[in-house]
Amino acid sequence: QVQLVESGGGLVQPGGSLRLSCAATGSIFSINAMGWYRQAPGKQRELVALITGGGFTTYSDSVKGRFTISRDSAKNMVYLRMNSLKSEDTAVYFCNGNFVERGPNLRTMTSWGQGTQVTVSS
């Protein structure tokens with residue numbers, strides 16, 4: 001099993017910045033990809049940013065140029081730096097990861113964190 005724990009959410013004014021962190025723990029053999037999703041009230045969960053094991057990154061159009069995803073491979077952590085925050089960025093942000101689990105079968109699995117609230121408001 002692989003567990004994901006997010007931190008760093010909170011209340012910020014429009015134009016402000018926040019950094020989210022996600023720690024992956026458990027029987028990790030390798031990481032295929034980790035990413036951030038968000039879900040606003042009444043809306044579907046959507047991909048915000050993704051980073052692959054090879055370091056390739058992708059962003060949703062709505063955050064491109066404002067958000068940056070990064071990782072610390074040695075610590076199995078992924079970060080989301082959010083700048084120039086807007087009210088429409090208000091959502092619960094979820095960390096997601098696709099891993100190869102240690103073991104005789106090297107099973108691939110997907111895990112989700114519990115989510116962290118980001119509220120952008122004056």
Side-chain angles (χ1 to χ4, degrees):
Q1 291 288 334
V2 178
Q3 296 80 38
L4 301 177
V5 178
E6 305 103 332
S7 60
L11 173 64
V12 63
Q13 292 186 341
S17 298
L18 279 176
R19 189 180 82 151
L20 305 182
S21 301
C22 174
T25 60
S27 302
I28 300 170
F29 177 78
S30 64
I31 298 175
N32 293 325
M34 291 186 73
W36 291 93
Y37 289 71
R38 67 186 180 186
Q39 188 166 18
K43 295 189 176 181
Q44 288 189 331
R45 191 172 297 189
E46 62 174 357
L47 175 67
V48 176
L50 183 79
I51 184 165
T52 68
F56 174 80
T57 59
T58 188
Y59 298 90
S60 69
D61 288 343
S62 62
V63 307
K64 207 171 290 185
R66 299 188 298 122
F67 291 11
T68 303
I69 190 169
S70 62
R71 64 180 182 178
D72 184 333
S73 298
K75 298 180 180 178
N76 290 335
M77 293 198 65
V78 67
Y79 307 95
L80 185 68
R81 178 67 180 180
M82 305 184 292
N83 295 329
S84 303
L85 282 161
K86 306 175 182 179
S87 58
E88 51 263 43
D89 294 318
T90 296
V92 178
Y93 285 70
F94 296 90
C95 181
N96 169 273
N98 186 267
F99 308 93
V100 177
E101 196 174 19
R102 291 185 186 277
N105 299 318
L106 294 179
R107 186 173 67 108
T108 297
M109 63 172 298
T110 296
S111 296
W112 289 91
Q114 80 286 352
T116 185
Q117 176 71 46
V118 171
T119 302
V120 184
S121 174
S122 54

J.: Would you indicate whether the side-chain heavy atoms of T68 and Y59 approach each other to under 4.5 Å?
T.: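 Yes, close enough: below the 4.5 Å cut-off.
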J.: Report yes if the side chains of M34 and M77 come closer than 4.5 Å at any heavy-atom pair, otherwise no.
T.: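 They are not in contact (no side-chain heavy atoms under 4.5 Å apart), so the answer is no.
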J.: At what distance, to the nearest 0.5 angstrom, does CE of M82 lie from CZ of R66?
T.: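 That separation rounds to 9.5 Å.
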J.: Could you list all the ring-ring contact (aromatic ring centres under 6.0 Å, His included) pairs where at least one residue sits in residues 79-108, not counting sequence neighbours?
T.: none
J.: Can you pull out every salt bridge (Lys or Arg N to Asp or Glu O under 4.0 Å) where at least one residue sits in residues 46-63? Sequence neighbours excluded, please.
T.: R38-E46, D61-K64
J.: Going by atom type alone, with no hydrogens or angles, which donor-acceptor pairs under 3.5 Å involve a side-chain atom of residues 11-32 and a protein atom two or more places apart or on another chain?
T.:
{"unit_1": "S17", "atom_1": "OG", "unit_2": "N83", "atom_2": "OD1", "d": "2.9"}
{"unit_1": "N32", "atom_1": "ND2", "unit_2": "N98", "atom_2": "OD1", "d": "2.7"}

J.: According to a hydrophobic-cluster definition based on side-chain heavy atoms being under 4.5 Å apart (Ile, Leu, Val, Met, Phe, Trp, Tyr only), do V63 and Y37 belong together?
T.: no
J.: For residues L50 and L80: do they belong to one hydrophobic cluster (side chain heavy atoms under 4.5 Å, members Ile, Leu, Val, Met, Phe, Trp, Tyr)?
T.: no
J.: Enumerate the residue pairs fulfilling salt bridge (Lys or Arg N to Asp or Glu O under 4.0 Å) with a member in residues 106-119, sequence neighbours excluded, ordered by first and then second residue.
T.: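 Those involving residues 106-119 are E101-R107.
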J.: Might you confirm whether atom CD of Q1 has over 12 heavy atoms from other residues, nucleotides or ligands at distances under 6.0 Å?
T.: no
J.: Would you please say whether a donor-acceptor pair under 3.5 Å links the side chains of S60 and S62?
T.: yes
J.: Which pair of heavy atoms, one from V78 and one from C95, lies closest together, and at what distance?
T.: CG1-SG, 3.9 Å
J.: Using the ring-ring contact (aromatic ring centres under 6.0 Å, His included) criterion, which residues pair with F67? Sequence neighbours excluded.
T.: none
J.: Scan residues 28-94 for pairs that pass disulfide (SG to SG under 2.5 Å), counting only residues two or more places apart or in two chains.
T.: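 The answer is none; no pair qualifies.
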J.: Quick check: closest heavy atoms across L4 and G97, and the distance to 0.1 Å?
T.: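 Shortest heavy-atom separation between L4 and G97 comes out as CD1-N, 3.6 Å.
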J.: Quick check against the 3.5 Å criterion: does S87 have a side-chain atom that pairs as donor or acceptor with the backbone of V120?
T.: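 Judged by distance alone, no pair lies under 3.5 Å.
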J.: Restricting to non-hydrogen atoms, name the atom on A40 and the atom on A91 that form the minimum distance, rounded to 0.1 Å.
T.: N-CB, 3.8 Å
J.: Are the side chain of S111 and the backbone of V2 linked by a donor-acceptor contact shorter than 3.5 Å?
T.: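 Yes: the side chain of S111 pairs with the backbone of V2.
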J.: Report yes or no: does R71 contribute a side-chain atom to a donor-acceptor pair with the main-chain N or O of A33 at less than 3.5 Å?
T.: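 No; zero donor-acceptor contacts below 3.5 Å.
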J.: Considering non-hydrogen atoms only, spot the tightest contact between I69 and W36 and give its length.
T.: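 Smallest interatomic distance, heavy atoms only, reads CD1-CD1, 3.8 Å.
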J.: Say whether, by atom type as modelled, one donor and one acceptor occur between the side chain of Q114 and the main chain of V5 under 3.5 angstrom.
T.: no
